Amino acid sequence: MQTVTVLRITRHPLQPEQEAALRSLYPQAKLKILNYAGTVTGVEDLQQLIHDLKPDVIEAVLPLNLLAVLLSVVGDSIPVLRAVMKRELDGDQARFTFSHYERVHRVHIVTEPLTPVKE
């Protein structure tokens, strides 16, 4: 049986529904799920994680700029997944439950400064 290593770059614990969805994506494989809850500051951190852990799949909760960097590092060689969560209000508390996974192919950010740029 093939082993598929999933690197989860997130501080959020894996919900049972997420694990079930991952298993449904790779039904013929044994999943090895690795969690990294540390801070990612840039490309070097991402390259080191990928080098050390050799994931087959990456689930990432990162700021958009770092998600774009991750995609540039892995190209098409490693799928990058994003867990889509439903936000439900329980009184004045928000609760997030897993909806589905989607694959991130590209991040394209278009901005313009609205206030003077301080040098």
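From a predicted model like this one, the values you see are computed outputs, not experimental measurements. What's counted below: heavy atoms across the whole structure, side chains too, no hydrogens, waters or symmetry copies.
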Qualifying side chain to side chain donor-acceptor pair (under 3.5 Å) pairs with a residue from [range], counting only residues at least two apart or across chains:
range            : value
residues 54-63   : Arg8-Glu59, Gln18-Glu59, Glu59-Tyr101
residues 106-119 : none
residues 64-76   : none

Within one Ile-Leu-Val-Met-Phe-Trp-Tyr cluster: [X] and [Y], side-chain cutoff 4.5 Å:
X     : Y      : result
Leu53 : Val4   : no
Leu14 : Met85  : yes
Leu49 : Val6   : no
Val73 : Val107 : yes
Phe96 : Leu89  : no

In chain order, what residues pass the side chain to side chain donor-acceptor pair (under 3.5 Å) check against [X], with sequence neighbours excluded?
X     : value
Thr39 : Arg11
Gln47 : none
Thr41 : Asp45

Q) Rest of the hydrophobic cluster containing Val61 (Ile/Leu/Val/Met/Phe/Trp/Tyr, side-chain heavy atoms under 4.5 Å)? A) none

Q | Val117: hydrophobic cluster co-members (side-chain, 4.5 Å) | A | none

Tabulate below the donor-acceptor pairs under 3.5 Å that side-chain atoms of residues 19-28 make, not counting sequence neighbours, or state none.
unit_1, atom_1, unit_2, atom_2, d
Glu19, OE2, Arg23, NE, 3.2
Glu19, OE2, Arg23, NH2, 2.7
Ser24, OG, Ala21, O, 2.7

Q) In chain order, what residues pass the salt bridge (charged side-chain N to carboxylate O under 4.0 Å, His left out) check against Glu102, with sequence neighbours excluded? A) Arg82

Q. Partners of Arg95 by salt bridge (charged side-chain N to carboxylate O under 4.0 Å, His left out), sequence neighbours excluded?
A. Glu88

Q: Can you measure from NZ (Lys30) to OG1 (Thr5) and round to the nearest 0.5 angstrom?
A: 9.5 Å

Q: Any chance you could measure Leu34, atom CG, to Ile58, atom CD1, to the nearest 0.5 Å?
A: 11.0 Å

Looking only at non-hydrogen atoms, find the nearest pair between [X] and [Y] and report the distance.
X     : Y      : value
Leu71 : Val104 : CD2-O, 3.4 Å
Met1  : Ala29  : SD-C, 3.9 Å
Leu7  : Pro55  : CB-CB, 3.6 Å

Q) CZ of Arg87: more than 12 outside heavy atoms within 6.0 angstrom? A) no

Q. How about Val74 and Leu46: do any of their side-chain heavy atoms sit closer than 4.5 Å?
A. no

Q: For the pair Gln15 (side chain) and Phe98 (backbone), establish whether a donor and an acceptor sit closer than 3.5 Å, ignoring hydrogens and angles.
A: yes

Q.
Would Ile50 and Leu70 count as a side-chain contact (heavy atoms from CB on, under 4.5 Å) here? Give the steps.
A. CA-CA 10 Å; Ile50 292 164; Leu70 174 60; 3.9 Å; yes

Q | Set of ring-ring contact (aromatic ring centres under 6.0 Å, His included) partners for Tyr36, sequence neighbours left out | A | none

